[in-house]
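Take a look at the structure below.
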Amino acid sequence: MPVQLLKIIKGKSESPLPSHLPEDLKHLQEGFDHTNKYFQGIVLLSYPLMKLEDGTDFFKIVLQDLNDLCSRINSINILIYGKMAEDCARVIRPGDTSIVTGFKVAKSPTADEDGRHSCHLEVSEEAGSAIYVLIEFFLLFPNFIMLFQRVAPKYMYTSLDQLKDGTIVNLYGVVKFFKPPYVSKGTDYCSIITLVDPSNVKLTCTLFNGNLDSLPKIYKVGDIVRFHRIKIREYNGQMQGVTSMGFASLTFDGTVGAPVVPRTSSKVYTFMDEEQKTIEELRVWAASNLSISGPAAKLSGVQPMLFFDLTCQLVGKAKVDGSSFLLKVWDGTKCPYPTWKVPVEARDLEGEKAVLHQLRNLTVDILVYDNHVQLAKSLKVGSFLRIYSIHTKQASGDDEVGSHIEFHLHGGTCYGRGIGVLPESNPDVKELKAFLESVDLAGSQNMESMSSVEFDGTFSNITDLESQLQRCQQLPVTVLTDHQDLNNTELKTILNSPAPQQYRIRAKLRTYKPQKLHQALKLHCSKCNSLQEVPDGDDFDFILQGSAVTVPNPELQSASWYDSATWTTQDQKQRKIAIHFVKHDEMLQQPEDTLLMIEGGTLKEVWKLTQRFKCVIPVRSTENDLELLDLSAPFLLQGNIKYYGCKLCSTPKPIKNLSSIAAEQRPSWEPTEIAQVLGIEPLQYVFIMRFTLVDGTGAVNAYLFDYEKFFQIPPSEILSNNFLQQKMQMTMNTLCPPGRKLDDLPWLECFIKSYNVRDATKHQVYYQIFDTTVAEDVV
DNA sequence: TTAGGGTTTG
C-alpha cells in the first residue's frame, strides 16, 4: 500500500483568523459545513471488516475525543466504506491516534443503544475522505509537528489538458492571473484564478467560500497552487474549475529556490516530498515559460497614468462616503510627485495620531471604491497589504499647489483589482519590514547546547561506602568466570616466569589508572587494533553544522524504500531538514521499529529523534545518492548510543544497501548488520584501565580491556547514563577504597595472562585481566 | 447563490 506522510503544524498560523481548526464533538452537527475540518481521536474499538449487501466493504471504528474527556458523550462511530474500509481494517488498531477528514456527518441510528454521539461520520474515497494514523510527534522543531500516515491510495493529479466536464480532480498549476478574494454579491467571498501548466492549457477557476481564509492565499502571479477536489465544468466552450465539497488548496511561492512551504489555512494537509519535487519542477517550467513581472513598484517609482501593485503598510484609514473609503499607506519611499490628501473628518481617521503625523510626508492616500470598501473597512491598521492595480491619476492643478497625483482603487475586479492582506511571514513583507524599521529585530534562536556528560565525581554517601567495605573485607570483590580448577600463583612467581602464560591470582588493588573514570572509555577497532578517544558532542555538532550547509537534494526525496519529509525552519537561517523514513513492506513502521536518515538536523534534533526512533543515521545529499557524514561523526545512533566507524578500515558503501535490511521479514536493525551493509568497520566501546595489583610477594600492573564482562556495565551506555556512572564509581570505591591502608583493602580473585611486546629496542612483558567479573553483591 | 479574468476613470 502506498504510504503518504501528513504533517500537522500547531502553533502560529499564517492567518490572523485561523478557521480550519480541528473539529470537536460538541460542534459536530448534521447539515453543517465540515469542509476542511478534521476530527482527531483515539481508536477505542474496531469491528471486523464486513461486506454490505451490495458487496461494498464496510469497516466501523469508534473514535474518542481526547480533548473532551469530561463530556458525557466523547466518542463517535466512524463508518468507512469501500476500498478505504479494507485498507483501514488492515492498518488501524485500538489505541491508535487517528484523523478523519472529508467526512459526511449523518444521524447515528445506534446512538440510543451505544451512548455515543448522536451523529456518525461517513467516510469513503469517493467522498474525498481520508484517514490517517499517527506515526510520530516532533516536539523539537520550531513548530510542533505531528506526522501521520495516510491509510489510502495516493492522490492522483490531472494535467490541465486532460480535464473532463463533470469530474472532480486534483491538480497543480501556476497562477497566470488572479483576483484576490472579494466580497461577492451572494453570501461568499469569491476569487478567480487562472492557472497554466506545462501542457500549456489554461484553466480559470471560480472559487467561492464564506470564509476568506479558505480561499487560496495567492499573492502574486507565478505562485503555484495545488487544488484537491476541484470540480471541472464546461462553460462557454471552455473548461472551468469551481469549488466542490471538500475543496482544499495549498499555495507555494513560485520563485525558483525559495523554500517549499505551503500556504494554507488548513492545519491538516498531506505533505510528501514527491509534491515538493512537483513544485520545484513547476517553478523551473514557469521561470522560462511564463512572463512574471519583476518586483512591484515602490512609491518612489510611480508614474502618473499607470496601474500598479503596491506592497505597503496600512498607517490609517477613514470612511469618506458610502461608496469610497480612504487608506493611508506607506512603503518607506517617497513619491516624487505631490500627492493628494483626501479630506476627512479627524474623528473618522483611525490610526495612531503620532505615527500619522510622523509619517505624514511618506504616506499616500488611496481611495478605494464600491466593492472594495467592505474589505477595506475590515483591515487592521499596521497590517501589511498588497493593493492590486492601483490607478495613479494625474489631476490638473486647479489649486495653487499645481498638479498632483491621486491614487485610486476603482470599483470592480477587472484586471485583478483588489486588496490582499499579506502575512508577516511573506518574504516581501519581511523585506519591507526590515526596510521600514531599518533594524533587524529577529533574534537568533539559541539551541540549548549539548555536551557529553562527564562521569567523575559522583560519589554515593558515606554510609553506603562503609557497609560495602565491611562486606568486602571478608569475601573477594571479584570472581572468576572460568578455570575454577586452576590454583593461585603468587605475583613474585609470575614476575619471574616467561610470557605468555595464564594465571589465577589473589591480590589487592593498590591503585588504578585513570582515576577519572570517564578517561577509561575508548573506542577500539578490532580489525586494525587501534584505539581512539570518544569524540565529544562538540565534534559531532561541528560536523552536523557543516553538513547542514548542503541542501537536501530534491531528487533524493522519497525512494522505493523510504519516504521523506522536509522542513524549512522558521528562523532566519531557513535551514532545510529532510527526514527519510525507511519503509518495510511499503509501509512506515512504528517509530520504535523505524530506521530514519536525517539531513540538516542539529545536534539537539538528532538527539531527540533518537529518543523516539529505533535508529537514526545522519546523512547528506550528493548529486546521486545520500551518503554518510565524515566518520568522525557517528554513522548510527540508537537510543543514547552513538556508533562510530573506523576511519582506516571502513570503505563506505551506498546508503541504498540499507534497503536489503529493510526488506528482511523482521528488520532488526542491528548495528553490526547496518555497519556491514554500509561498509563500515564498527568501533567498539571499551573501558581500558591499568590495575596495580599486590599480594605481599610482588606487584603487577595488569591491563583491563573491558567490553562489559568485568564491570557488567556496557561501556557504550555510560556516557548517557548517570546511574551507570555512579555504579562504576561505586564499584571502584569498593575494589580500592580511597584512603585505606593496604591491610584494609579487599581481596580480588583474577585471571591474568602475560604477553610479550617487542619492538626494535626493547622487550617487555605485559599482563591483562580476563575471565574475571566484579562479584554480584558488589555491583 | 455569488461569477464566469481581459484595461478600470469617482
>> Using 30° and 60° as the class boundaries, would you call the ring planes of A:His408 and A:Tyr369 parallel, tilted or perpendicular?
In response: parallel
>> Which label fits A:His404 and A:Trp340: parallel for a plane angle under 30°, tilted from 30 to 60°, or perpendicular past 60°?
In response: parallel
If you measure from the ring centre of [X] to the centre of the six-membered ring in the base of [N], is it under 5.5 Å, with the planes under 30° apart?
X        : N     : value
A:Tyr415 : B:dG5 : no
A:Phe208 : B:dT2 : yes
A:Phe177 : B:dG6 : no

> Any chance the rings of A:Tyr189 and A:Phe208 have centres within less than 6.0 Å?
Replying inline: no
> Centroid-to-centroid, A:Tyr38 to A:Tyr132, below 6.0 Å?
Replying inline: no
What is the distance, to the nearest angstrom, from the [atom1] atom on [X] to the [atom2] atom on [N]?
X        : N      : atom1 : atom2 : answer
A:His391 : B:dT9  : NE2   : C1'   : 6 Å
A:Arg233 : B:dA3  : CZ    : P     : 13 Å
A:Lys176 : B:dG5  : NZ    : P     : 13 Å
A:Asp188 : B:dT2  : CG    : C1'   : 7 Å
A:Lys179 : B:dG4  : NZ    : C1'   : 9 Å
A:His372 : B:dG10 : NE2   : C1'   : 13 Å
A:Leu203 : B:dG5  : CG    : C1'   : 12 Å
A:Gln240 : B:dG5  : CD    : C1'   : 11 Å

>> As a test of the definition: with a 90° window around 0 for syn, would you call B:dG5 syn or anti?
In response: anti
>> Evaluate A:His228 against A:Tyr157 for ring pair (Phe, Tyr, Trp, His ring centres under 6.0 Å), listing each step before the verdict.
In response: CA-CA 9 Å; A:His228 276 177; A:Tyr157 294 93; 5.5 Å; yes
>> Given B:dG6, B:dT9, B:dT2, identify the nucleotide with an atom nearest to the side chain of A:Ser184.
In response: B:dT2
>> So if I take every side-chain heavy atom of A:Asp370 and compare against B:dG10, B:dG6, B:dA3, which nucleotide ends up nearest?
In response: B:dG10
> Would you say the side chains of A:Thr194 and A:Thr204 form a donor-acceptor pair under 3.5 Å?
Replying inline: yes
With sugar-phosphate meaning primed atoms plus P, OP1 and OP2, does [X] contact a base, only sugar-phosphate, or nothing at under 4.0 Å between heavy atoms?
X        : result
A:Tyr388 : nothing
A:Thr206 : base
A:Phe178 : nothing

>> Between the base of B:dG5 and the side chain of A:Thr194, is one N or O donor paired with an acceptor at under 3.5 angstrom?
In response: yes
> Can you pull the salt bridge (Lys or Arg N to Asp or Glu O under 4.0 Å) pairs that have at least one residue in residues 98-107 of chain A, sequence neighbours excluded?
Replying inline: A:Lys104-A:Glu122
> Are any of A:Lys185's side-chain N or O atoms less than 4.0 Å away from OP1 or OP2 of B:dT1?
Replying inline: no
>> Taking side chain to side chain donor-acceptor pair (under 3.5 Å) as the cut-off, I'd like each qualifying pair that reaches into residues 342-362 of chain A, sequence neighbours left out, listed once.
In response: A:His357-A:Arg360
> Among residues 160-170 of chain A, which contact DNA chain B at a heavy-atom distance under 4.0 Å?
Replying inline: none
>> I'd like the P distance from B:dG4 over to B:dT9, given in whole Å.
In response: 16 Å
